[in-house]
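A short write-up of the structure that comes next.
In what follows, every heavy atom counts, from backbone to side chain, and hydrogens, waters and symmetry copies are set aside. Chain letters run A, B, ... following the sequence lines, proteins first and then strands; every chain starts at 1.
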Amino acid sequence: MYNHQEIEKKWQTHWKETSLYLTKEGKDRPKYYILDMFPYPSGAGLHVGHPKGYIATDILARMRNMQGYNVLHPMGFDAFGLPAENYAIKNKVNPKISVAESVAHFKSQLEILGFSYDWEREVNTTDPNYYKWTQWIFLKMWEKGLAFESSEPINWCPSCKTGLANEDLEDGKCERCGSEIEQKPMRQWVLKITDYADRLLNDLDKLIDWDDSIKEMQRNWIGRSEGTEAIFKIADTNEIVTVFTTRIDTIFGCTYLVVAPEHELVLNLKEKISNWAEAEKYIESLKNVPEMERTSASKEKTGVKLKGIKAINPFNNEEVEVFIADYVLNSYGTGAVMAVPAHDERDYEFAKKYGLRIKSVVSVDGKIPFEGKAAFTDDGTLFHSEDYDGLLSSDARKKMIDWLENNQLGTRKINYRLKDWVFSRQRYWGEPIPLVHCEHCGVVAIPETELPLKLPDVESYEPTGTGESPLAAISEWVNTKCPKCGGAAKRETNTMPQWAGSCWYYLRYIDPNNSKALVDTEKEKYWSPVDFYVGGAEHATRHLIYARFWHKFLFDIGVVSHDEPFTKLKNVGLIMGEDGRKMSKRWSNVVNPDDVVHKSGADAMRVYEMFMGPFEQACSWNTNGVIGARKFLEKILLFAEVNNYQANKKSISLLNKTIKKVTEDIEAFRLNTAVSAMMILANDISEYKIKESALPISKTDFLKFIQILAPFAPHLAEEIWEQSGNKESIFLSSWPEYDKALIKDDTINLIVQINGKLRATLEVAADISAEEAFALATQQENVKKWLENKEIVKRIFVPGKLLNIVIN
RNA sequence: GCCGCGAUGGCGGAACUGGUAGACGCGCUGGACUUAAAAUCCAGUUGUAGCGAUACAGUGCGAGUUCGAUUCUCGCUCGCGGCACCA
């Protein structure tokens with residue numbers, strides 16, 4: 001009988017004792033770096049969805065190993081950040097302790113699933129020896145001017161009591177706790193990711209082995225927009241205002257200007273604005289409106305005319321009115337737009353509401369679509385545009401930009417939706433930012449030799465909510481000496497966000513104990529880049545953008561040898577609850593892998609999770625499905641007890657086809673069809689076994705089957721391998737090759753169609769000719785019947801496949 | 001609104017570069033074994049008609065291309081995901 005508990009325990013112990021999974025670095029083998037997104041250990045532990053990706057990568061890693069690669073397949077823990085810290089606060093334990101417990105729990109859960117990780121390379125982002133280098137990278141960025149202090153208003157979560165980056169929001173709410181986000185001006189550290197926007201976008205084209213969905217999400221997130229900046233003078237002043245537009249061709253239709261209420265121009269013109277009181281009141285009223293609400297497209301636009309202010313259109317010198325309005329954002333483009341109500345929906349809506357002039361300048365076939373009803377926003381032919389009349393929009397744009405540039409009144413401009421990365425958190429549980437503030441020298445870096453700057457122990461690690469991190473309360477830590485002048489200085493008390501540590505962890509696995517450099521150059525050159533990276537889609541616009549950004553920076557300063565970190569990327573689809581909803585305590589539909597492993601075994605769970613459906617697709621858990629996988633394994637174990645072999649050609653052929661298919665499917669991550677192919681083979685063997693009490697393939701061939709099963713069900717395969725007299729682990733054996741001669745069929749089922757409808761199938765020699773096939777087919781009763789009194793118009797013969805007879 | 005992805009039995013899903021639709025698994029029905037149940041094994045399982053051979057219909061809907069369409073083209077519907085007053 002299949003005693004999975006005994007078998008799995010036996011082999012897990014054995015593998016550990018023999019250090020089977022230590023990374024090999026033999027010179028004669030090619031390398032393959034296969035990586036999972038490491039988890040942040042929460043107190044709740046794993047549910048069955050988490051290991052899905054790990055199982056798949058484990059299968060690929062095991063096959064690559066058997067194929068003779070040096071495989072790097074590590075695992076670690078991303079333990080800084082809000083999830084760990086909030087859990088610690090809630091349960092009133094020091095995060096240091098709770099994180100250690102969570103890590104141990106996660107590890108034990110992973111261990112019983114039989115993964116082939118090299119645990120000697122384990123990485124933990126909260127280890128000072130690790131975050132030393134996270135801090136080092138930050139200092140390098142600071143040196144290059146990519147990290148800077150800013151006091152712009154940022155997203156503030158009132159519940160987590162910290163500032164957040166744009167990437168940390170979901171529908172305008174805190175991604176961690178769901179609280180409504182406020183805008184709060186505060187001093188913070190920001191990383192200039194926008195400097196890399198164009199490279200982050202353009203290089204996506206190089207990543208041909210990434211899922212398109214992820215690339216698309218990143219493109220949307222970066223949000224490139226090509227347009228023009230044009231300068232409007234403010235009449236009777238020395239002020240100018242620059243607007244950004246993608247439709248410079250419509251500038252003759254500009255009937256007013258809108259600037260964001262926070263725009264500096266507004267304060268500069270304060271004296272000239274005759275209704276300043278009204279404007280000021282409006283600006284004040286917007287301050288209390290959350291960003292989310294203010295930028296909601298469904299909300300009616302509001303605004304106030306700046307009386308006494310006129311802007312001059314650079315093309316026709318026409319004077320137009322200037323508004324402040326909530327629908328223009330100070331943080332995008334120039335914070336000012338030229339309003340063309342005839343050709344922009346937002347401007348149209350605003351103009352209608354406030355009774356402003358609407359002037360059309362683009363037509364199609366001499367007509368203005370939707371005139372008087374809506375804005376016409378497509379390209380067309382220009383009119384009422386002086387020298388540009390009759391030009392197509394696209395041509396007009398080119399000519400107008402040329403004119404602006406020649407007259408120094410504007411320029412071509414690309415804007416990105418991506419914002420700089422707000423990099424500081426007012427929380428305890430993160431990497432300290434290794435800078436000090438000196439009264440004389442300003443901001444000064446801690447010397448490299450003093451890294452890591454360790455996170456001090458603290459009595460109260462709860463967030464203060466004052467805009468200061470809990471670190472600010474430890475005066476003996478805060479008060480220090482300036483490394484430059486030796487005078488009194490204060491340490492930076494903000495910490496890094498949770499995404500910092502995961503930006504470069506894949507490099508640490510390559511060289512996990514290096515204390516002299518981030519990574520050894522030779523080792524980096526050997527293992528980089530990551531060949532295959534697997535994780536959840538929720539990281540598309542967070543971790544995966546940040547890591548690409550840091551990697552490109554490390555490339556620029558010569559630390560790494562490639563400008564992209566991950567060659568191939570696949571998304572793992574979620575496993576939903578049995579009820580079709582997302583697994584959550586709230587719905588009490590969470591399935592614990594420990595229970596499944598205990599009841600049916602790790603191997604059955606591994607096989608089932610791969611079999612459920614396409615890897616990238618979300619899928620509902622089905623308890624009976626695990627039982628199906630288990631039955632398949634039981635069947636195979638029964639084969640191992642048979643000592644009688646009567647090799648037959650059909651089964652040998654099927655075995656070879658299965659080896660081919662499983663190999664190719666693992667490579668392409670079609671793991672569901674790989675399992676199904678093995679089930680088909682097992683069914684074939686089983687049928688024969690029941691009839692003849694023998695296996696239809698030789699013992700050697702049967703063991704080949706066990707070898708291709710091994711990555712999926714490592715414990716059972718290892719057990720059968722040993723029982724068959726092998727002394728060395730199955731994972732030290734070579735991956736079986738299929739025999740090309742044996743997968744060719746002598747006979748085929750020829751499909752006979754009449755007018756494309758199936759009328760007969762004939763078992764014939766695979767190399768049958770068109771003539772022979774036709775002769776044979778027309779002898780069939782069911783074919784004759786259909787051909788009676790009909791004229792044959794055409795015969796279509798696909799060798800080895802089908803014959804289609806076309807009749808009238 | 002824009003962009004991307006998807007829709008196949010009772011369910012999860014399979015189908016190579018256009019060539020037998022429904023592999024494999026779950027479930028269900030009937031049978032064997034059993035005092036009985038569970039487990040196991042055998043047979044069946046897209047729908048309609050027929051004892052049957054077989055025929056017709058059938059891959060979200062409507063057209064089209066083709067000897068032949070789940071697959072390609074055009075137009076929709078619905079679902080999922082991303083972005084969104086981004087000028």
For A/Arg224 and B/G82, what is the distance between atoms CZ and C1' respectively, to the nearest whole Å?
20 Å
Just to be sure I understand the rule, does A/Glu345 reach a base, reach only the sugar-phosphate, or reach nothing, if contact means heavy atoms closer than 4.0 Å?
nothing
Contacts of A/Val806 and A/Asp347 projected onto RNA chain B by closest heavy atom; the upstream (5') one is A/Val806
Residues in side-chain hydrogen bond (donor to acceptor under 3.5 Å, both in side chains) contact with A/Glu578, at least two apart in sequence or another chain
A/Thr623
Can you name the side-chain hydrogen bond (donor to acceptor under 3.5 Å, both in side chains) partners of A/Glu345, sequence neighbours left out?
none
Closer than 3.5 angstrom, by distance alone: can the side chain of A/His4 be matched with the main-chain N or O of A/Asp603 as a donor-acceptor pair?
no
For B/G9, does the O4'-C1'-N9-C4 or O4'-C1'-N1-C2 angle fall within 90° of 0, making it syn, or is it anti?
syn
Atom pairs, N/O to N/O, protein against nucleotides 2-11 of chain B, distance under 3.5 Å?
residue : atom : partner  : partner atom : Å
B/C3    : O2'  : A/Glu216 : OE2          : 2.9

I'd like the C1' distance from B/G13 over to B/G25, given in whole Å.
9 Å
Please state whether the rings of A/Phe376 and A/His343 are parallel, tilted or perpendicular, taking 30° and 60° as the class boundaries.
perpendicular
Got more than 12 heavy atoms from elsewhere within 6.0 Å of CD, A/Gln5?
yes
Using the side chain to side chain donor-acceptor pair (under 3.5 Å) rule, collect all pairs that involve residues 747-761 of chain A, keeping only residues at least two apart or in two chains.
A/Thr747-A/Glu763
Distance check, C1' atoms only: B/G4 and B/G19, in whole angstrom units.
31 Å
Distance check needed: B/U40 P versus A/Leu637 CG, whole Å only.
15 Å
Spacing between A/His263 atom NE2 and B/A87 atom P, to the nearest angstrom:
17 Å
Find the distance A/Lys215:NZ to B/C83:P and express it as a whole number of Å.
19 Å
For the P atoms, the ones on B/U17 and on B/U66, what distance do you get once it is rounded to whole angstrom?
24 Å
In whole Å, what is the span from the CD atom of A/Glu664 to the P atom of B/U17?
12 Å
If I take atom NZ in residue A/Lys691 and atom P in nucleotide B/C41, what distance separates them, rounded to the nearest angstrom?
16 Å
What's the closest nucleotide to the side chain of A/Trp221 if the choices are B/C26, B/C85, B/C83?
B/C83
Taking atom P in both B/A57 and B/G62, compute the distance separating them and give it to the nearest angstrom.
14 Å
A/Tyr282 side chain to A/Thr302 main-chain N or O, any donor-acceptor pair under 3.5 Å?
yes
Length of the CG-C1' vector between A/Leu654 and B/A23, whole Å
13 Å
Give me the distance, rounded to whole Å, that separates B/G60 from B/G27 when you measure between the P atoms they each carry.
27 Å
Under 4.0 Å from OP1 or OP2 of B/A87: is there any side-chain N or O of A/Lys413 that close?
no
Please check this pair: side chain of A/Asp171 against backbone of A/Lys173, looking for a donor-acceptor N/O pair closer than 3.5 Å.
no
Closer than 4.0 angstrom, basic N to acidic O: yes or no for A/Glu664 and A/Lys660?
yes
Any protein N or O atoms within reach of nucleotides 49-54 of chain B? Criterion: under 3.5 Å, listing atom names and distances.
none

When the C1' atoms of B/C76 and B/G82 are compared, how many Å lie between them, rounded to an integer?
23 Å
For a quick check of understanding: with a heavy-atom distance under 4.0 Å over all strands, which category does A/Val243 fall into, base, sugar-phosphate or nothing?
nothing
Report, one pair per line, the protein and nucleotides 18-20 of chain B atoms (nitrogen or oxygen only) whose separation is under 3.5 Å.
residue : atom : partner  : partner atom : Å
B/G19   : N2   : A/Gln753 : OE1          : 3.0
B/G19   : N2   : A/Asn804 : ND2          : 3.4

Judged by atom type as modelled, is there a donor-acceptor pair below 3.5 Å linking the side chain of A/Tyr354 to the main-chain atoms of A/Lys305?
no
Nearest atoms (heavy-atom pairs only) where A/Phe669 meets A/Lys570:
CB-CE, 3.9 Å
Using modelled atom types and a 3.5 Å cut-off, is there a donor and acceptor pairing between side-chain atoms of A/Asp211 and backbone atoms of A/Asn571?
yes
Do A/Asn656 side-chain atoms and A/Ser653 backbone N/O form a donor-acceptor pair below 3.5 Å?
no
Judged by each residue's nearest nucleotide on RNA chain B, which is more toward the 5′ side, A/Asn166 or A/Met338?
A/Asn166
Can you spot which of A/Thr250, A/Thr245, A/Asp379 makes a side-chain hydrogen bond (donor to acceptor under 3.5 Å, both in side chains) with A/Arg397?
A/Asp379
Any side chain to side chain donor-acceptor pair (under 3.5 Å) pairs touching residues 605-615 of chain A, not counting sequence neighbours?
A/Asp58-A/Arg606
Under 4.0 Å, counting only non-hydrogen atoms across every strand here, what does A/Ile690 touch: a base, just sugar-phosphate, or nothing?
sugar-phosphate
Considering only heavy atoms, which members of residues 667-678 of chain A lie under 4.0 Å from some atom of RNA chain B?
A/Asn672, A/Thr673, A/Ser676
What's the shortest heavy-atom distance between A/Ala311 and A/Leu257, and which atoms?
CB-CD2, 3.5 Å
Taking only N/O atoms, report every protein-nucleotides 73-76 of chain B pair under 3.5 Å with atom names and distance.
none

Can you tell me how far C1' in B/U8 sits from the matching atom in B/G47, rounded to whole Å?
14 Å
Between atom NZ in A/Lys794 and atom P in B/G68, what is the gap in whole Å?
9 Å
Nucleotide nearest A/Met679 when distance is taken to its side chain, options B/A87, B/G82, B/C24:
B/C24
Would you call the rings of A/His543 and A/His539 parallel, tilted or perpendicular, taking 30° and 60° as the class edges?
perpendicular
For A/Glu771, which residues count as a salt bridge (charged side-chain N to carboxylate O under 4.0 Å, His left out) partner, sequence neighbours excluded?
A/Arg795
Quick check on A/Lys353: does its NZ atom have over 12 non-hydrogen neighbours (other residues, nucleotides or ligands) under 6.0 Å away?
yes
Return a table of donor-acceptor pairs under 3.5 angstrom between the side chains of residues 672-679 of chain A and protein atoms on other chains or two or more places apart.
residue  : atom : partner  : partner atom : Å
A/Thr673 : OG1  : A/Asp665 : OD2          : 2.8
A/Thr673 : OG1  : A/Arg670 : O            : 3.1

Once you apply a heavy-atom cut-off of 4.0 Å, does A/Gly223 come out as touching a base, just sugar-phosphate, or nothing?
nothing
Of the candidate nucleotides B/G25, B/C26, B/A87, which contains the atom at the shortest distance from the side chain of A/Phe611?
B/G25
Both distances under 3.5 Å, Watson-Crick or G-U wobble: on that basis, could you give the dot-bracket string for RNA chain B, with [ ] for crossing pairs and | for other-strand partners?
(((((((..(((......[....)))((((((.......))))))((((....))))..(((((..]....))))))))))))....
Check every strand shown and say whether A/Val337 touches a base, only sugar-phosphate, or nothing at a heavy-atom separation below 4.0 Å.
base
Within 6.0 Å of NZ in A/Lys359, more than 12 heavy atoms from elsewhere:
yes
Give me the distance, rounded to whole Å, that separates B/A49 from B/U35 when you measure between the C1' atoms they each carry.
44 Å
